[in-house]
Peer 1: 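There's a structure below that I have some questions on.
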Amino acid sequence: MSPAPEIGIAVFILKDDKTLFGRRRSSSIGAYTYALPGGHLEFGESFEECAAREVKEETGLDIKNIELLTTTNNVLSDKVHLVAVFMRAFLSDPEQTPQNLEPDKCEGWVWHDLKNLPEPMFGPLREMLRGGFNPFPNDSK
Ligand SMILES: Nc1nc2c([nH]c(=O)n2[C@H]2C[C@H](O)[C@@H](COP(=O)(O)OP(=O)(O)OP(=O)(O)O)O2)c(=O)[nH]1
Ligand SMILES: [Mg+2]
């Protein structure tokens, strides 16, 4: 039997005109690519709860105004079917700085504006952003 699709939550944390990216380490899918903070939806969680939990676990940041933006549905191989749920959020306190709390999974967190995307970018995310997807409210940035 085929494995079930996995559900990943990824969070665009917006600060001024920037978004937080981290380079993934080797052990996960998308190894060595830049991606958003996020992780797998746990049983019983809302998307917003999962986003807040994963961001806290991975970066130490507290976020607010968490909203659903869009979803993607990608069959990446004959074993990996990934449903990604993209959320947007803002820092609860704009003075907070990200910490690399899971250094076995991520090389570190860096703010980038979308005109200067870090490369290589995790596949599903790159396709979205290259396609013109804008996570900022009202296309403001
Ligand atoms: N973190 C993150 N995951 C993403 C992005 N785009 C995307 O499709 N995903 C998918 C890939 C993974 O299959 C899934 C979960 O993310 P993850 O690989 O960071 O999971 P994790 O180890 O932090 O989470 P967990 O299993 O400990 O709960 O979400 C993205 O930009 N960032
Ligand atoms: Mg993660």
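Ligands are counted one by one from 1 in listed order, and the atoms in each one are counted from 1 as well.
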Peer 1: To the closest 0.5 Å, what do you measure between CG (Leu14) and CG (Leu114)?
Peer 2: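 Between Leu14 CG and Leu114 CG, I get 8.5 Å after rounding to 0.5 Å.
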Peer 1: Who's closest to atom 16 (O) of ligand 1 heavy-atom-wise, of Ala10, Gly39, Gly8?
Peer 2: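 Among Ala10, Gly39, Gly8, the closest heavy atom to atom 16 (O) of ligand 1 comes from Gly39.
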Peer 1: Find all atoms of ligand 1 within a distance of less than 4.0 Å from any non-hydrogen atom belonging to Leu125, and give their numbers and elements.
Peer 2: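 Selected atoms, number and element: 31 (O).
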Peer 1: Going from NZ on Lys18 to CH2 on Trp111, what distance comes out if it is rounded to the nearest 0.5 angstrom?
Peer 2: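 Output value for this atom pair is 10.0 Å.
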Peer 1: With side-chain contact (heavy atoms from CB on, under 4.5 Å) as the test, would you mind laying out the steps for Leu125 and Phe12 before giving the verdict?
Peer 2: CA-CA 11 Å; Leu125 188 58; Phe12 287 97; 3.8 Å; yes
Peer 1: Which protein heavy atom lies closest to atom 7 (C) of ligand 1, and at what distance to 0.1 Å?
Peer 2: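 Of the protein heavy atoms, Phe122 CE2, 3.2 Å lies nearest.
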Peer 1: Measure the spacing between NZ of Lys15 and CG of Asp113 and express it to the nearest 0.5 Å.
Peer 2: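 Answer for the NZ-CG pair, Lys15 versus Asp113, is 13.5 Å.
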Peer 1: At less than 4.0 angstrom from any non-hydrogen atom of Glu58, what atoms of ligand 1 do you find?
Peer 2: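 Numbered from 1, ligand 1 contributes 23 (O).
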Peer 1: Please report which non-hydrogen protein atom sits nearest to atom 22 (O) of ligand 1, along with the residue it belongs to and the distance in Å to one decimal place.
Peer 2: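 Of the protein heavy atoms, Lys105 NZ, 2.9 Å lies nearest.
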Peer 1: Does the Asn134 side chain pair with the main chain of Phe136, one donor and one acceptor, at a distance under 3.5 Å?
Peer 2: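 Side chain of Asn134 to backbone of Phe136: a pair is present.
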Peer 1: Got the closest protein heavy atom to atom 3 (N) of ligand 1, with its distance?
Peer 2: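 Ranking protein heavy atoms by distance from atom 3 (N) of ligand 1, first comes Arg24 NH1, 3.9 Å.
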Peer 1: Between Ile29 and ligand 1, which residue portion shows a heavy-atom distance shorter than 4.0 Å: side chain, backbone, both, or neither?
Peer 2: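 Side chain only.
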Peer 1: Can you tell me if Glu102 contacts ligand 1 (heavy atom of the residue under 4.0 Å from the ligand)?
Peer 2: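 The answer is no: ligand 1 sits nowhere under 4.0 Å from a heavy atom of Glu102.
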Peer 1: Could you tabulate the donor-acceptor pairs under 3.5 Å formed by side-chain atoms of residues 80-95, not counting sequence neighbours?
Peer 2:
from	atom 1	to	atom 2	distance (Å)
His81	NE2	Asn73	OD1	2.6
Arg88	NH1	Pro135	O	3.0
Arg88	NH2	Glu67	OE1	3.4
Arg88	NH2	Glu67	OE2	3.2
Ser92	OG	Asp62	O	3.2
Ser92	OG	Ile63	O	3.4
Asp93	OD1	Glu95	N	2.8

Peer 1: Assess Glu57 for proximity to ligand 1: is some non-hydrogen atom of it under 4.0 Å away?
Peer 2: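 No.
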Peer 1: Under the criterion salt bridge (charged side-chain N to carboxylate O under 4.0 Å, His left out), I'd like the reasoning laid out for Glu58 against Arg24: C-alpha separation, chi angles, the key distance, then a yes or no.
Peer 2: CA-CA 12 Å; Glu58 295 185 353; Arg24 293 164 75 85; over 6 Å; no
Peer 1: Which heavy atom of the protein is the closest neighbour of atom 25 (P) of ligand 1, given with residue, atom name and distance?
Peer 2: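 Protein heavy atom at minimum distance: His40 ND1, 3.5 Å.
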Peer 1: What are the atoms of ligand 1, with element, lying closer than 4.0 Å to any heavy atom of Ala35?
Peer 2: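 The list of qualifying atoms is 30 (C), 31 (O), 32 (N).
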Peer 1: Give the contacting part of Leu82 toward ligand 1: side chain, backbone, both or neither, where contact means a heavy-atom distance below 4.0 Å.
Peer 2: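 The part of Leu82 near ligand 1 is the side chain, not the backbone.
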Peer 1: Considering only heavy atoms of Ala84, which atoms of ligand 1 have at least one such atom less than 4.0 Å away?
Peer 2: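 The atoms of ligand 1 under 4.0 Å from a heavy atom of Ala84 are 7 (C), 8 (O).
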Peer 1: Can you get from Ile66 to Ile9 by hopping between Ile, Leu, Val, Met, Phe, Trp and Tyr side chains that sit under 4.5 Å apart?
Peer 2: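 Same cluster.
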Peer 1: Can you name the side-chain contact (heavy atoms from CB on, under 4.5 Å) partners of Asn100, sequence neighbours left out?
Peer 2: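 In terms of side-chain contact (heavy atoms from CB on, under 4.5 Å), with neighbours along the sequence ignored, Asn100 is linked to Pro103, Cys106, Trp109.
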Peer 1: Strictly under 2.8 Å, how many protein N, O or S atoms lie near the Mg ion (ligand 2)? Waters don't count.
Peer 2: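 For the Mg ion (ligand 2), the figure is 2.
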Peer 1: Holding to salt bridge (charged side-chain N to carboxylate O under 4.0 Å, His left out), I want the full list of residues that pass it with Arg53, two or more places apart in sequence or in another chain.
Peer 2: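 Salt bridge (charged side-chain N to carboxylate O under 4.0 Å, His left out) list for Arg53, sorted by chain: Glu42, Glu45, Glu57.
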Peer 1: Please check: side-chain N/O of Arg23 versus main-chain N/O of Tyr32, any donor-acceptor pairing under 3.5 Å?
Peer 2: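 Between the backbone of Tyr32 and the side chain of Arg23 there is a qualifying donor-acceptor contact (under 3.5 Å).
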Peer 1: Could you list which atoms of ligand 1 come closer than 4.0 Å to a heavy atom of Glu6?
Peer 2: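 Listed by number with element, the hits are 13 (O).
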Peer 1: Report the nearest protein non-hydrogen atom to atom 32 (N) of ligand 1: residue, atom name, distance rounded to 0.1 Å.
Peer 2: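 Atom 32 (N) of ligand 1 sits closest to the protein heavy atom Leu36 O, 2.6 Å.
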Peer 1: I'd like to know if the side chain of Glu49 reaches the main chain of Ser46, judged simply by a donor and an acceptor atom lying under 3.5 Å from each other, with no hydrogens or angles considered.
Peer 2: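 Yes, because the side chain of Glu49 sits within donor-acceptor range (under 3.5 Å) of the backbone of Ser46.
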Peer 1: Taking Thr33 for the side chain and Gly30 for the main chain, is one N or O donor matched with an acceptor at less than 3.5 Å?
Peer 2: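 Between the backbone of Gly30 and the side chain of Thr33 there is a qualifying donor-acceptor contact (under 3.5 Å).
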